[in-house]
Number of protein chains: 2
Amino acid sequence: MGITKTQNFNAQQNRVASFAKAFAHPARVAILEYIIRQNSCICNDLVEELPLSQSTISQHLKELKFIGLIKGEIDGPRICYCIDEVRWEEAKGLLEKFFGSFASKGSCC
Amino acid sequence: MGITKTQNFNAQQNRVASFAKAFAHPARVAILEYIIRQNSCICNDLVEELPLSQSTISQHLKELKFIGLIKGEIDGPRICYCIDEVRWEEAKGLLEKFFGSFASKGSCC
DNA sequence: AAAAATAATCGTAATATTACGATATGGGGA
DNA sequence: TCCCCATATCGTAATATTACGATTATTTTT
């Protein structure tokens with residue numbers, strides 16, 4: 001086993017989990033924070049910013065890109081990465097909806 | 001390697017990542033949704049609700065409890081699990097702050 | 001054309017996660 | 001007391017993630 005039984009959960013549950021996974025590593029949180037701070041990003045900047053190797057950072061960027069939270073365009077010999085607004089808003093909406101679904105009615109414990 | 005270099009990131013980044021990890025599996029999303037819907041919870045209900053074995057569900061509950069999003073009290077031969085309001089609000093606040101930190105200034109790509 | 005710069009990908013190793021069956025534990029009731 | 005129920009934990013296997021060095025690909029500069 002070890003494989004997540006994705007097919008047994010509904011689309012929204014999988015979507016929330018997928019977006020959450022994007023934030024589930026401090027390096028990716030740091031990468032997103034950096035992109036936001038710069039409002040544009042070049043991968044190599046991150047190599048100097050973060051205590052991780054170039055290949056590791058590239059891998060994290062690939063995951064963020066796969067999930068769709070960032071997008072990248074070739075800009076000369078570099079890649080310009082930035083936040084994908086549409087997906088960001090989608091993630092924000094989903095997560096906020098999820099957090100909003102809990103309202104304390106006085107805990108049972 | 002394979003070990004996350006936690007010590008290289010700041011407390012807030014690690015905290016965001018830790019909370020996000022709680023949601024990073026559809027089973028845990030489903031578990032939280034169920035607890036919220038019931039406003040109280042008994043583990044065994046979940047065994048009937050979810051297509052996972054009792055031991056797997058127990059393991060997911062343990063993780064949620066470790067992160068602090070739920071708390072459980074012994075209630076006779078059962079365990080009553082429910083949302084830990086304080087932590088839930090903390091997670092909500094952190095994630096919302098994170099999402100709020102991005103405001104489109106016109107994307108660069 | 002050769003060299004430099006940037007970033008992706010490959011290969012690989014260590015560790016973490018997911019999952020389940022089997023077993024243990026602890027309380028309640030017969 | 002002995003058994004049953006609900007949960008936790010153990011052991012184990014499969015898969016995923018994290019990380020890095022080395023290599024590759026691409027483009028720009030020399």
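Model, not experiment: these values are computed from the prediction. In what follows, every heavy atom counts, from backbone to side chain, and hydrogens, waters and symmetry copies are set aside.
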Proximal nucleotide (of dT17(D), dC20(C), dG21(D)) relative to the Lys21(A) side chain: dT17(D)
If you check every side-chain atom of Ser53(A), which of dG21(D), dC20(C), dA8(C) has the closest atom? dG21(D)
Quick one: CZ on Phe23(B) to CG on Leu94(A), what's the gap to the nearest 0.5 Å? 12.5 Å
Sub-3.5 Å donor-acceptor pair from the side chain of Arg87(A) to the main-chain atoms of Ile67(A), do we have one? yes
What is the distance, to the nearest angstrom, from the CZ atom on Arg28(B) to the C1' atom on dT18(C)? 9 Å
Nearest whole Å is fine: how far is dA5(C) P from Ile79(A) CD1? 18 Å
Kindly say if His60(A) contacts the phosphate of dT17(D), meaning a side-chain N or O under 4.0 Å from OP1 or OP2. no
Got a second to check how far Leu46(A)'s CG is from Gln38(A)'s CD, nearest 0.5 Å? 8.5 Å
Lys62(A) side-chain proximity, nearest of dA19(C), dA19(D), dT9(C): dT9(C)
Quick check for you: to the nearest 0.5 Å, what is the distance between Ile70(B) atom CD1 and Cys80(B) atom SG? 10.0 Å
Within this structure, what is the CG-to-P distance between Leu52(B) and dT17(C), rounded to whole angstrom? 17 Å
Can you tell me the distance, in whole Å, between the CD atom of Glu63(B) and the P atom of dT17(C)? 7 Å
Spacing of CZ belonging to Arg15(A) relative to CG belonging to Asn10(A), to within rounding of 0.5 Å: 12.5 Å
Comparing nearest nucleotides in DNA chain C, the 5'-proximal residue of the pair Gln54(B), Ala27(B) is Ala27(B)
Bend angle of the helix from dA1(C)-dT30(D) to dA30(C)-dT1(D) from five-pair axes at both ends, rounded to 10°? 10°
Any side-chain N or O of Thr56(B) under 4.0 Å from OP1/OP2 of dC20(C)? yes
Is Tyr81(B) near enough to dA6(D) that one of its side-chain N or O atoms lies under 4.0 angstrom from OP1 or OP2? no
Aromatic plane relationship, His25(A) with His60(A) - under 30° parallel, 30 to 60° tilted, over 60° perpendicular: tilted
Return the orientation label for the Trp88(A) and Phe99(B) ring planes: parallel under 30°, perpendicular over 60°, tilted otherwise. perpendicular
Can you check the Ile57(B) CD1 to dT7(D) P distance for me, whole Å? 11 Å
Check whether any side-chain heavy atom of Phe98(B) sits under 4.5 Å from a side-chain heavy atom of Gln12(B), and report yes or no. no
Leu50(A) CG to dT18(D) P, straight-line distance once rounded to whole Å: 14 Å
Check whether the side chain of Gln59(A) and the base of dA8(C) form a donor-acceptor pair under 3.5 Å. no
Of the listed nucleotides (dT18(D), dA8(D), dA19(C)), which one gets closest to any side-chain atom of His25(A)? dT18(D)
How many Å lie between CD on Glu48(A) and C1' on dA5(C), as a whole number? 12 Å
Specify the separation, in whole Å, of atom CG of Leu61(B) and atom C1' of dT18(C). 14 Å
Picking from dG21(C), dA7(C), dA19(D), the nucleotide nearest the side-chain atoms of Ser55(B) would be dG21(C)
